[in-house]
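Input: a single structure, listed below in structure tokens.
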Amino acid sequence: MKIQRLELTQFRNYAEMAVDLQPGVNIFVGPNGQGKTNLLEAVTLLSGAGSHRDAKDAEMVKWQAAFYRIVAQGRPAAGNGAATSPDLPATTVELAFGQQRKWARVNGRKLKRMNELAQTVNTVVFSPEDLSLVKGSPGQRRRFLDRELSQASPAYHQVLVHYQRMLSQRNALLKQIRNQLAKVHDIELWDEQMARCGATLLARRLDGVARLAPKARQIYRSLSAGKEELEITYGSSLPLPADRAAWPTAILRHWAMSREEEILRQTTLTGPHRDDLNLYLNGRDARSYASQGQQRSIALALKLSEVQLIASIRQEPPIVLLDDVMSELDPLRREQLLTELNQQPIQVIITTTHLQALPEALIRQSAIFRVYEGKIQRDPEGG
Ligand SMILES: Nc1ncnc2c1ncn2[C@@H]1O[C@H](COP(=O)(O)OP(=O)(O)OP(=O)(O)O)[C@@H](O)[C@H]1O
């Protein structure tokens with residue numbers, strides 16, 4: 001859905017705040033440390049994906065307060081990316097955390113799981129750190145993929161959380177074996193379950209990459225005026241046979257072979273938690289060969305393909321959150337990003353310290369808000 005009104009209570013540096021957004025571009029401008037990113041963080045939480053800064057809920061409660069509450073009112077799109085329809089009923093999404101408990105409601109109905117929020121609100125955040133997606137760590141690329149696929153499919157999120165839980169228990173067990181507090185046999189029983197879960201996660205990731213890669217390739221082709229080809233493949237940390245049904249056994253066999261080393265190092269050395277996204281430009285590994293400009297274009301292509309993928313699965317584009325990213329891009333890439341985003345009626349929220357970092361044409365069509373010490377005021381200068 002597109003957000004028409006956002007209300008924050010005791011969230012980060014906002015005591016009590018309400019803001020009316022427009023369906024197109026909304027720009028929040030203000031000096032450092034005033035609450036711009038906090039506002040975007042609140043919107044990302046509404047999509048059930050957790051804080052884009054990986055913050056814990058307790059950290060997001062305003063200091064000295066007991067809870068936070070985020071409420072958004074909006075309307076779903078009329079259908080496949082069309083503008084919000086005034087005929088469709090308004091939707092209210094509510095998320096609150098306090099006393100170690102978190103709960104969410106959509107139109108008054110309490111949700112069983114946070115990730116069900118993704119059926120109503122979707123977001124794609126683009127921050128300066130994302131520009132280093134190509135050269136960054138494999139963990140950064142896995143996180144990109146996991147966040148994206150979690151929003152595209154709540155079932156993916158469930159498998160991911162299950163696998164991560166099993167992984168931390170397996171690592172704890174390896175430590176116990178090392179300290180002779182458990183037997184090797186204990187881990188063999190554990191591995192069977194975990195290998196099945198790992199194989200499911202792998203299959204879903206491979207399917208996700210298969211859907212993402214052609215979109216990213218097409219976007220990159222247009223960003224590079226057809227000069228370069230971007231190829232994305234999934235890099236598994238263990239050898240996988242062609243037959244997917246054989247994956248659990250292959251994972252089990254691999255873990256059994258590295259058992260001694262794993263006990264010694266007290267950690268699980270291979271599996272989906274160690275995998276990577278491989279990025280190639282004209283057949284060469286982009287991590288080693290792409291120039292800084294090319295790396296930034298790849299990052300743009302990845303993020304924009306995420307927007308397209310979510311839009312096609314959800315029948316509605318996600319809300320795009322650009323966290324101070326425009327000033328990091330050169331004028332050409334800034335223009336390319338805005339042109340791509342303009343192709344669909346997307347709600348965009350941009351934060352910036354200086355309006356001068358943004359093209360004038362964009363400012364004219366946007367609603368402008370000033371952010372200062374956790375307070376927001378609409379600027380009558382905006383569109
Ligand atoms: N739990 C909290 N309670 C109260 N204030 C908080 C809390 N967490 C962070 N803050 C305050 O929020 C402010 C940071 O806000 P935010 O990260 O949104 O900055 P910003 O406006 O995006 O700035 P920049 O341009 O530097 O990124 C800081 O002043 C910080 O002290």
Side-chain angles (χ1 to χ4, degrees), residues 3 5-21 25-47 49-72 94-104 114 121 123-133 136 140 143 147 296 299 303 319-329 334 337 347-359 362-363 366-379 381-382:
I3 297 177
R5 186 178 177 80
L6 179 71
E7 294 171 11
L8 305 182
T9 308
Q10 321 262 48
F11 184 83
R12 294 276 194 188
N13 65 336
Y14 293 97
E16 198 75 54
M17 189 282 291
V19 63
D20 292 319
L21 302 179
V25 183
N26 301 271
I27 301 173
F28 289 84
V29 56
N32 294 123
Q34 302 303 311
K36 302 183 298 297
T37 305
N38 294 346
L39 181 108
L40 295 192
E41 192 175 39
V43 178
T44 61
L45 292 178
L46 289 173
S47 62
S51 154
H52 70 294
R53 301 194 266 200
D54 272 345
K56 297 201 170 58
D57 285 301
E59 291 164 19
M60 294 184 277
V61 175
K62 192 174 192 319
W63 297 323
Q64 267 97 46
F67 69 95
Y68 75 64
R69 185 163 174 264
I70 306 166
V71 181
E94 194 180 350
L95 176 71
F97 171 84
Q99 293 180 330
Q100 311 296 324
R101 284 183 51 235
K102 193 175 182 180
W103 51 265
M114 286 300 131
V121 181
T123 58
V124 168
V125 195
F126 199 171
S127 53
E129 299 83 69
D130 292 316
L131 291 170
S132 58
L133 212 49
Q140 206 181 332
R143 218 171 87 88
R147 276 190 85 89
R296 290 182 162 222
K303 279 285 158 181
I319 303 169
V320 173
L321 309 168
L322 304 179
D323 191 6
D324 214 1
V325 82
M326 296 301 249
S327 56
E328 300 284 327
L329 294 171
R334 209 180 296 160
L337 172 63
Q347 185 170 42
V348 184
I349 305 180
I350 299 178
T351 69
T352 183
T353 47
H354 297 97
L355 276 182
Q356 297 90 299
L358 305 174
L362 177 76
I363 296 172
S366 308
I368 316 271
F369 302 88
R370 302 273 163 187
V371 186
Y372 194 71
E373 290 184 353
K375 294 194 173 57
I376 293 180
Q377 256 192 344
R378 179 137 186 193
D379 188 331
E381 296 289 301

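Position 1 is the first residue of the sequence, and the numbers go up from there. First listed ligand is number 1; within each ligand, the first listed atom is number 1.
Of the protein's non-hydrogen atoms, T37 OG1, 3.6 Å is the one closest to atom 27 (O) of ligand 1. Protein heavy atom nearest atom 18 (O) of ligand 1, with residue, atom name and distance: N38 N, 2.8 Å. Protein heavy atom in closest approach to atom 28 (C) of ligand 1: G33 O, 3.7 Å. In terms of protein heavy-atom proximity, atom 11 (C) of ligand 1 is nearest to N13 CB, 4.0 Å. At the top of the distance list for atom 26 (O) of ligand 1, counting protein heavy atoms only, stands N32 ND2, 3.0 Å. Looking at atom 17 (O) of ligand 1, its nearest protein heavy atom turns out to be R53 NH1, 3.1 Å.
Across every non-hydrogen atom of H52 and R143, the tightest pair is O-NH2, 3.1 Å. For the residue pair V325 and P128, the shortest heavy atom distance occurs at CG2-N, 4.0 Å. Of all heavy-atom pairs between K62 and F11, the closest is CB-N, 4.4 Å.
Other residues, nucleotides and ligands place more than 12 heavy atoms under 6.0 Å from the CD atom of E59.
Donor-acceptor pairing under 3.5 Å is recorded for the side chains of D323 and T351. No side-chain N or O of N26 forms a donor-acceptor pair with one of R378 less than 3.5 Å apart.
Within the listing of ligand 1, atoms 15 (O), 16 (P), 18 (O), 19 (O), 20 (P), 21 (O) sit less than 4.0 angstrom from a heavy atom of G35. For ligand 1, the atoms lying closer than 4.0 Å to a non-hydrogen atom of Q34 are 19 (O), 20 (P), 21 (O).
When non-hydrogen atoms are compared, ligand 1 lies under 4.0 Å from the backbone of V61 (N, CA, C, O) but not from its side chain.
The aromatic rings of F28 and F369 lie parallel to each other, with less than 30° between the two planes, well short of the 60° mark.
Nearest-heavy-atom check against atom 30 (C) of ligand 1 across W63, F28, Y68, Y372 picks out W63. In the candidate list R12, Q10, K62, E59, R12 is nearest to atom 9 (C) of ligand 1, counting heavy atoms.
With V25 as reference, L362 is the one residue of L362, L322, I349 to meet the side-chain contact (heavy atoms from CB on, under 4.5 Å) rule.
Between L39 and ligand 1, no pair of N/O atoms sits closer than 3.5 Å.
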